[in-house]
Amino acid sequence: MSKEPVAVVGIGQTKHVAARRDVSIAGLVREAARRALDDAELTWADIEAVVIGKAPDFFEGVMMPELYLADALGAVGKPMMRVHTAGSVGGSTALVAASLIAGRVHGTVLTLAFEKQSESNAMWGLSLPIPFQQPLLAGAGGFFAPHVRAYMRRSGAPDTVGSLVAYKNRRNALKNPYAHLHEHDITLEKVQASPMLWDPIRYSETCPSSDGAVAMVLTDRAGAARAPRPAAWMHGGAMRSEPTLFAGKDSVSPRAGRDCAADVYRQAGIADPRREIDAVEMYVPFSWYEPMWLENLGFADVGEGWKLTESGVTELDGDLPVDMSGGVLSTNPIGASGMIRFAEAALQVRGLAGEHQVEGARRVLGHAYGGGSQFFSMWLVGAEPPTS
Amino acid sequence: MTRDIAVVAFAQSDTLRSTEEVSEVEMLMPVLHDVLARTGLKTADIGFTCSGSSDYLAGRAFSFTLALDGVGAWPPISESHVEMDGAWALYEAWVKLRTGDADTALVYAYGKSSPGSVRDVLTRQLDPYYVAPLWPDSVALAALQAQALIDAGETDEPALAAIGARSRATDNPRAQPRGPVPRGDYVVRPLRTGDCPPIGDGAVAVVLAAGERARDLCGRPAWIRGLDHRIEAHSLGVRDLTDSPSTRLAAERAGAFERPVDTAELHAPFSAQEVVLRRALKLGGDVRVNPSGGALAANPMMAAGLARIGEAAARIHRGESDRALAHATSGPCLQQNLVAVLEGDPR
Amino acid sequence: MSAVLKAPVTVEFPFTRSLGPVQSAFLTGLRERVVLGVRTGDGRTLVPPVEYDPVTAEEIRDVVEVAPTGTVTTWAWNHAPRRGQPLAGPFAWVLVRLDGADTALLHALDAPGPDAVHTGMRVRVRWAEERTGAITDIACFEPYDGEAGQLTGGTGEFENPVGGIVAPARLDYTYSPGRAQTAYINALADRRTVGERCPSCRKVYVPPRGACPTCGVATEERVEVGPGGTVTTFCIVNIKAKNLDIEVPYVYAHIALDGADLALHGRIGGIPYDQVRMGLRVEPVWTEGGRYPDHYRPTGEPDGDYDMYKELL
């Protein structure tokens with residue numbers, strides 16, 4: 001028995017901003033869902049099931065919000081599921097939806113991820129008090145900055161690499177109408193002059209806090225044949241998890257990330273990712289994670305990732321563009337960020353990425369991670385249906 | 001052609017009013033060891049792992065990440081988590097096995113209701129604009145449903161009391177209340193203490209396996225003949241609270257009506273909800289309903305639905321059932337429902 | 001073994017919720033003592049009004065007025081109101097179908113007792129004296145013996161529509177850290193850092209979390225570690241967090257205590273922040289009554305060699 005091929009035939013996202021004060025939570029998710037349906041030229045009745053993802057419920061103060069969102073997403077009378085795998089959730093959610101197609105449970109599925117961070121304050125949601133524990137930090141930057149320092153020590157990368165990533169991603173965002181940050185006057189000097197928040201991480205090398213949603217319509221071969229626009233085909237997808245903290249954990253290049261990528265490449269028949277993959281939408285919430293993940297995902301040898309960044313390989317017109325959309329560094333509705341990577345990868349192989357389209361992108365990797373660099377989800381999408 | 005998938009093992013903790021001496025992972029881990037021991041599998045042998053839990057019960061964001069410590073996720077594992085009852089984690093695992101990506105799955109769920117006030121915590125899952133600001137607690141909403149049933153002539157208070165009494169008369173050693181529970185005083189009228197689930201902490205785990213692997217791991221696998229779930233509109237005011245169309249539809253899709261079942265494990269936290277479910281599922285008087293005692297005997301939040309599937313499967317494993325229905329619910333007044341149909345090989 | 005540790009935790013936040021057009025119209029109407037519903041494509045009137053049809057999923061925007069009077073469709077007597085609920089004294093929860101509506105609204109009914117409440121009874125809105133544009137602008141319902149209330153006949157549009165609500169939410173929890181962490185915390189009270197060794201892989205976990213996360217088994221054998229340790233990596237924190245009483249800049253470090261197999265996290269003091277380095281040898285500094293070391297300071301020993309601690313990074 002072989003799996004049913006999975007196609008992405010509809011993609012929609014909101015214009016990501018700091019606060020969408022004009023819509024309810026339902027209105028926000030609806031906007032992305034509606035755009036995905038329009039892209040696929042489908043109606044609510046065509047959708048058989050809904051798979052939704054988001055990060056912690058405390059961010060909006062609504063427990064299991066999918067219950068309240070069932071009506072807005074046309075899910076009444078249908079199966080609806082809610083995935084939560086920390087920061088990787090957007091990717092995991094898409095993969096759960098893809099399994100419904102691959103396992104021939106459903107023919108056409110709507111998958112969606114969102115965060116409306118303006119309802120509360122992510123810093124608050126992430127720093128709920130825990131008695132008997134010393135409060136040392138607030139926010140994710142301080143958690144990840146020591147790992148960045150460890151990477152710098154290990155690789156000998158020059159201090160400037162992080163600023164190059166931020167400068168690139170923010171310029172890419174200018175070509176993406178949905179990106180949150182549109183810094184028209186961005187310069188490398190401005191990035192490098194921005195304040196150190198969690199040394200070695202500068203303000204301009206951190207992600208914003210966004211309100212946003214993204215949705216995709218996934219379907220089977222028959223659905224793809226009916227689709228009005230080119231489909232993106234899933235060639236491989238995987239999730240891997242390892243514990244948060246443990247003796248021997250490599251926080252710079254976690255094994256779960258390496259294993260996850262290897263599984264995806266195996267499924268897709270990729271032997272040399274650096275040559276065979278055309279572009280990557282990578283989950284980079286702090287700029288230094290680009291060189292770190294380039295190594296973790298097998299695009300560079302250990303200690304060499306920063307050289308790809310430094311030499312311009314990951315630029316939009318480089319040999320391996322990374323975060324063409326501007327990435328998490330330019331847009332971060334936390335629970336949606338992983339699915340935005342997956343969706344942007346699909347847009348590229350469909351040739352529908354607009355100004356940030358990579359010419360001739362045939363195979364693109366979408367990547368997400370979360371928790372203490374422990375949850376990974378990835379998919380590889382192609383312009384052609386999988387052969388096997 | 002799809003693969004045959006079965007529940008091959010089930011384990012659960014005691015459900016206790018308080019488990020303050022152990023952390024969530026300390027509560028969960030023995031259950032994981034138990035369920036794996038029943039199959040002889042180790043974590044590394046498992047193809048896919050999926051869990052269900054809630055941050056809001058724990059009062060902490062990302063609470064499930066610490067529970068993962070109990071799994072021993074090293075080398076890294078293929079793993080996912082739903083912010084739902086573990087029955088939906090089982091659904092995700094079942095789908096994963098259907099794709100052929102894995103042959104075995106570990107599914108677990110846990111919940112500690114004791115740290116917070118679960119009646120108040122559950123108000124946070126209601127419409128955040130019109131309903132949550134009024135803080136209507138879970139018993140109040142169930143009471144509105146019970147009164148609607150009484151008004152419709154579907155039940156009365158003595159009949160509800162009988163459901164509570166029958167549920168707690170179970171010989172299930174894992175049941176939380178020991179001995180008979182009096183009908184008690186009104187909590188929110190018409191529901192009395194005896195109509196409401198005990199508040200407790202607990203953990204549940206099952207192992208799924210596909211095809212021949214299932215037969216290797218279990219003498220009499222509980223084959224999942226059908227599995228489906230459906231959601232209804234959120235607002236109570238637009239629903240007919242005396243009916244559960246989503247349960248009926250899920251049961252239809254799961255093939256529950258093709259042949260009679262001999263046993264039904266229903267996730268009805270409140271006595272009146274059993275009345276709704278029996279009707280929606282067209283259960284005859286000859287069906288053994290909730291021999292485990294159901295959620296009225298033990299209701300570990302986020303795990304009680306998975307426990308229904310586990311209990312039904314265990315009866316098939318033991319040869320006490322040949323075809324069983326298991327049901328799980330989520331949301332206020334049975335908003336979302338899952339139905340599994342399980343069968344044992346002919347004896 | 002000493003008593004179980006536990007402590008209260010309050011999870012509280014004033015959520016700021018934007019409303020969108022339909023909910024804004026409804027809540028603005030309540031502020032003006034007008035009840036609005038929304039009309040679906042097939043002519044049903046939904047009160048309270050929602051943005052999307054629960055049956056067809058179509059977007060609905062056709063706002064219409066309904067009466068402030070209606071009929072109870074089901075009820076439940078709440079003799080012991082809980083925090084945040086609409087009335088302080090005993091009341092009935094009710095679903096009310098307002099005159100002109102096809103669906104019911106959940107709220108409270110002020111009635112003398114359960115005997116005074118029944119399904120089918122007539123009720124009307126009792127308006128709150130101070131109204132801000134929130135569901136609580138309806139103070140509650142009250143019994144009412146009359147015909148359907150009058151409509152205001154307005155357009156349903158008002159000056160200064162409400163764009164959002166602030167929804168304060170407080171939940172109280174009791175946190176208990178469990179067996180392993182309790183032992184760790186209790187040892188800290190004696191100024192000792194005690195980890196636990198995994199019976200399978202023999203690694204020493206500090207702080208212990210009850211399970212060896214790679215082996216999935218309980219750690220039980222207690223092992224005192226430190227007091228000295230090595231800074232494996234760190235960052236310099238330059239932004240002051242609202243809820244933290246720590247002056248910036250300060251150094252947040254991963255510290256591998258001698259004898260531990262992974263680093264714990266702590267603050268480095270007693271040295272200018274810009275002189276902290278990977279490999280720095282440190283020891284804990286305790287304060288009177290502190291539950292954990294206030295910070296770690298240099299011991300003056302030579303720095304640890306990178307090869308010695310790189311596995312603990």
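Letters go in sequence order (proteins before strands), and every chain restarts at 1.
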With a 4.5 angstrom heavy-atom cut-off, could you sort out which part of A:Asp57 is near chain B: side chain, backbone, both or neither? both
Any chance you could lay out the side-chain contact (heavy atoms from CB on, under 4.5 Å) test for A:Arg255 and B:Trp74, step after step, and finish with the verdict? CA-CA 9 Å; A:Arg255 179 167 165 191; B:Trp74 190 259; 3.6 Å; yes
Heavy-atom cut-off 4.5 Å, strictly under: side chain, backbone, both or neither for A:Thr93 against chain B? neither
Winner by heavy-atom pair count (cut-off under 4.5 Å) against chain B, out of A:Thr244, A:Asp259, A:Val89, A:Val105: A:Val105
Can you tell me which of B:Ser53, B:Ser63, B:Pro128, B:Pro245 forms the most heavy-atom pairs within a distance under 4.5 Å of chain A? B:Pro128
Steps toward side-chain contact (heavy atoms from CB on, under 4.5 Å) verdict (B:Glu79, A:Met239): CA-CA 6 Å; B:Glu79 189 258 356; A:Met239 297 185 227; over 6 Å; no
I'd like to verify something: which residue of A:Val51, A:Val76, A:Leu67 has the highest number of heavy-atom pairs under 4.5 Å with chain B? A:Leu67
Between A:Ser241 and B:Leu68 the two heavy atoms that sit nearest each other are CB-CD2, 4.2 Å
Among B:Gly72, B:Ser246, B:Gly59, the residue with the most heavy-atom pairs under 4.5 Å to chain A is B:Gly59
Chain A contacts, top residue of B:Tyr91, B:Trp88, B:Phe62 (heavy-atom pairs, under 4.5 Å): B:Phe62
Is it the side chain or the backbone of A:Ala238 that comes within 4.5 Å of chain B heavy atoms, both, or neither? neither
Chain B contact via A:Pro243 - which portion, at a heavy-atom distance below 4.5 Å: both
Under 4.5 Å to a heavy atom of chain A? For B:Asp55 that would be both
Is B:Ile77 close to chain A through its backbone or its side chain, or both, or neither, when contacts mean heavy atoms under 4.5 Å? both
Chain A contact via B:Leu338 - side chain, backbone, both or neither, heavy atoms under 4.5 Å: neither
Step-by-step side-chain contact (heavy atoms from CB on, under 4.5 Å) determination, A:Met80 to B:Gln336: CA-CA 9 Å; A:Met80 186 176 200; B:Gln336 187 175 21; 4.3 Å; yes
Please identify, among B:Glu83, B:Arg124, B:Glu232, B:Gln335, the residue contributing the most non-hydrogen atom pairs under 4.5 Å to chain A. B:Glu83
side-chain contact (heavy atoms from CB on, under 4.5 Å) evaluation trace for B:Met302 with A:Met64: CA-CA 11 Å; B:Met302 315 312 291; A:Met64 301 158 76; 4.2 Å; yes
Is it the side chain or the backbone of B:Ala132 that comes within 4.5 Å of chain A heavy atoms, both, or neither? neither
Which atoms form the tightest heavy-atom contact between B:Ser80 and A:Thr85, and what is the distance? OG-CG2, 4.0 Å
Would you please classify the geometry between the A:Tyr68 ring and the B:His234 ring as parallel, tilted or perpendicular, with 30° and 60° separating the classes? perpendicular
Of all of A:Lys54, A:Glu119, A:Arg240, A:Arg258, which one pairs up most often with chain B through heavy atoms under 4.5 Å apart? A:Arg240
Chain B heavy atoms under 4.5 Å from A:Ile25: which part of the residue, side chain, backbone, both or neither? both
Quick one: pull up CE in A:Met81 and CE in B:Met84 and give me the separation to the nearest 0.5 Å. 6.0 Å
Let's test your reading of the structure: which of B:Leu57, B:Asp101, B:Thr123, B:Leu126 forms the most heavy-atom pairs below 4.5 Å with chain A? B:Asp101
Without swapping roles, check the side chain of B:His81 against the backbone of A:His84 for a donor-acceptor pair under 3.5 Å. yes
Heavy-atom distance under 4.5 Å to chain A: side chain of B:Ile231, backbone, both or neither? both
Under 4.5 Å from any heavy atom of chain A, what part of B:Val121 do you find: side chain, backbone, both or neither? both
For the student: nearest non-hydrogen atoms of A:Ser24 and B:Tyr129, plus distance: CB-OH, 3.5 Å
Ring-ring centroid check B:Phe64 A:Phe375, cutoff 6.0 Å: yes
Which atoms of A:Gln374 come close to chain B, meaning under 4.5 Å heavy atom to heavy atom: side chain ones, backbone ones, both, or neither? side chain
